[in-house]
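To start, the structure under review is shown below, and the notes come after it.
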Amino acid sequence: MTNTSSARGAPLVLGIETSCDETGIGIVRGTQLLANTVSSSMEEHVRFGGVIPEIAARAHLEAFIPTLRQALDTAGIELREVDAIAVTAGPGLAGALMVGLSAAKGLALAADKPLYGVNHLVAHVGVGLLDPADEPGEQQGHAATAAGRGMRALPENTGALLVSGGHTEILRVGSLTSDVELLGSTIDDAAGEAFDKTARLLGLGYPGGPAIDAAAASGDPRAFRFPRGLTMPKFEGSAEAPGKHRHNWSFSGLKTAVARAVEQFEAAGRPVPVADIAASFQEAVVDVITAKAVRAAAEHGITTLMLGGGVAANKRLRELLAQRCAEAGIELRIPPVSLCTDNGAMVAALGAQLVAAGVAPSSLQIPADSSQPVQLISV
Amino acid sequence: MILAIDSSAGASVAVLDHGHVRAQWRTSETTTHAEVLAEAVAHTMREAEVSGAGLCGVVVGVGPGPFTGLRVGLALAHSLAEVWGVPLHGVCSLDSMAQRAVNSPAEPSAVPGEFLVASDARRREVYWARYRADAHGFAELLDGPQVSAATELPDLPVVGVGASLYPEALTPRAAPESHWLPDAVELGQLAQRELGRDRRVPGQAGAHPAAQPDSVASAVLREPLPLYLRESDAKVPAQMRAKQAS
Ligand SMILES: [Zn+2]
C-alpha cells in the first residue's frame, strides 16, 4: 500500500463474485463494509451432494440483477456513484465465472466505470481488512496501519490459510496489491470437497462440512487412524531441504480410507459407526491442514495468519488452528463466517485496495480464468 | 433506437433505428463471447454514435444455443438495460433466421410456404422451429422452438446450419441458407416492429375494447431468460439416490 489514496478519500467499490455457487454483490468504501448481499444456489445442489456447475451458472444469471439491486439498496447508493466495479475473474468454475464477468463488464460499460478483474483467492485475504461490523468507519485495527483516509493495510508478514469446497491453500501476502505467493495447496481434492464426499459416503447429506461437524460431535476422533496425506519424509523433507510437497495437501487417500472402513462394516453386516468415522475423518483433515499451514507460516516468517473459505466455519478447525498458532507465536485472525464464505464484499475490498494503490484497471476483453494463479492479483 | 445482442451461436451486435441498421458487428467464433462481446457493444455504440441515454431498449437473443455462450450475452444485456434504465426484451434467436428467410425468398415469385429453422444443438440433435411468412412480410412462429434429432423434424425446407450438418435428414431451402447463423440485426428488427405495434395498442384499445390479443406480438417478445430446452446433465450420485429413496 502507498499513501496515494489519502488525498482523494477511500474509493467506493462494487464487487461481484460468481466463481462457485454463491452470487455475491458487495459494496465497500475503502475498508468500510456497506453491503454484502449473497444469493446461494446451494439448495439446488443438495440432491447431487455437490455443486453442479451448470446449475450454479443458471442460478447466477437469474439472481444477478435482484442481488445487485438489493446490495445497492442496502448500501443506500446508486451505481453511478461508485468509483470502480470489481469482479472475480478466477479461479473458479468457468461457466459460473463468465456470468459474473459478463455482467460486470455490462455494468462498467454502461455506467462508464473502471473494471477490475480480480483473483478470488486474494480477495479472500482482502476481506480481512474490512472494519468489524460493530466498529464502523475509520477505526484502526490492532497492528493495522492507515494507508489513506478510511483505508488500512495488512500487517507485515501476513499469511492466509484458505479452506473451502473449491480450494485449499496457504499464501504469503507481502502486499495485497503486488506481492502474493502460493506456499502450498492441495494436489487433488479441496478440503471442503473431501468433507462433501465423506458426508455422502456416510449418508449425512450436503453440504458436508456442517454435516460432518455435527455428526462428529458425538464421535471419538481417535476411533480410527485415517491417513494424513503427503506427510511422509520423502514428501516433506526438512526446513533446510524442503521436499516437493512439504506444504502441500492431498485428501484422496483419506477419502479412500474412509470408503474402505465403511465397506468393511457393511461387508460384515455390522452397523457403520458414523459418528466415530466422522470424528476421525474430521480430525485427520483438520490435523494435517493446521500442522502444515502453521509450519509453512513459521518457515516463511509469517506472524499474522488469516483464515478464509467456507470451512473456516468448522469448529474443530478453528480450535486446533488457534492452538497451534498460539504455540508458534502467530496471531490468528478469523473474519466473521459471512465474510469467510464466498461473497462480493471480499471482491469489493480487494478492488478498493487496487484502486487506492493506483493499479491500472482491466480491459473489457479480459477472460474468465478458471485456474488463475495467486500471483495474478488482477488481470 | 435499440441495441440488439445475440450470443446463441456466433455472436452479433446491432444498433437499429426504426428497423434500419446504424452499426453492426458479428463473429462466427463460438468460444470467445466472454472476451469479445462487451468490447463489441462499446465499439458498435461508438460507430452508431449513440449512448445509453439515446436508446429506448435492449434486445437480446435468448437462444436456444450452447448455454455458456448464451449466458454471456444475456448477463451483459441484463446489466446494460439495468444501468441505462431501459426495457430488456428477449427474442428467440431462431426467429432471426426465419426473418432473414422471409426477407429473401428462395424464389421471388413463389408463394412463401412453411419452413423450418434448424441450428446446431450438438449431441446429434438440432434446435428447431417452424415458421411461415405473414401477410406483412414478417416471420410468424408456428411451432417450437424445441430440440430433437434431425430425423424427427417435419418434412419442410430448412434454413440454418442444421441443414448442412444433417444433409441426409434435412432438405435445405437453398444451399447458402444452410450456413446461416442467428444475428442481432433481425432480432432487433423483429423487436422494433413489435414494440411499434404495442405503441399503437392504447389508441386502438378505446375504439375496440374487445380486440383480440395479438398472438404474434406475444410470441416474438419473451422473458429475457435463456431458452435452455434441456435440463443440466447432472446425475444424482448413487449414494445420494439411496439416501433419498430411504
Ligand atoms: Zn472461495
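Since we're looking at a predicted model, the values are computed, not measured. Sequence lines set the chain letters: A, B, ... in the order given, protein chains first and strands last, and positions in each chain run from 1. The analysis underlying the following values was restricted to heavy atoms, covering all of them including side chains, and did not include hydrogens, waters or symmetry mates.
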On a heavy-atom basis, which atom in B:Ala38 and which in A:Leu109 lie closest, and how many Å separate them? O-CD2, 3.6 Å

Flag if over 12 foreign heavy atoms under 6.0 Å of CG, B:Asp143: yes

Nearest-0.5 Å distance, NE2 of residue B:His33 to OG of residue A:Ser102: 10.0 Å

Heavy-atom pairs under 4.5 Å with chain B - which of A:Ala111, A:Gly50, A:Pro53, A:Ala57 has more of them than the others? A:Ala57

Looking only at A:Gly106, A:Ala94, A:Ala110, most heavy-atom pairs under 4.5 Å shared with chain B are made by A:Ala110

Which of the residues B:Ser79, B:Ser232, B:Gly69 is involved in the greatest number of heavy-atom pairs with chain A at under 4.5 angstrom? B:Ser79

Taking 4.0 angstrom as the limit, do A:Arg69 and B:Glu82 come out as a salt bridge? yes

With a 4.5 Å heavy-atom cut-off, do B:Glu35 and A:Ile366 have their side chains touching? no

Between A:Leu61, A:Ile55, A:Leu79, who has the most heavy-atom pairs with chain B when the cutoff is under 4.5 Å? A:Leu61

Set of side chain to side chain contact (heavy atoms under 4.5 Å, CB included) partners for B:Arg230, sequence neighbours left out: B:Phe67, B:Ala121, B:Arg123, B:Glu125, B:Tyr127, B:Val147

Could you tell me whether the side chain of A:Lys105 and the main chain of B:Leu37 form a donor-acceptor pair under 3.5 Å? no

Proximity breakdown for B:Leu74 and chain A, heavy-atom pairs closer than 4.5 Å: both

For A:Leu68, which atoms come within 4.5 Å of any heavy atom of chain B: side chain, backbone, both, or neither? side chain

Hey, does B:Val36 have a side-chain heavy atom less than 4.5 Å from the side chain of A:Gln365? no

Charged N to carboxylate O below 4.0 Å: is that the case for A:Glu54 and B:Arg71? yes

Using side chain to side chain contact (heavy atoms under 4.5 Å, CB included), reason through B:His78 and A:Phe64 one step at a time and then give a plain yes or no. CA-CA 9 Å; B:His78 276 261; A:Phe64 185 79; 5.6 Å; no

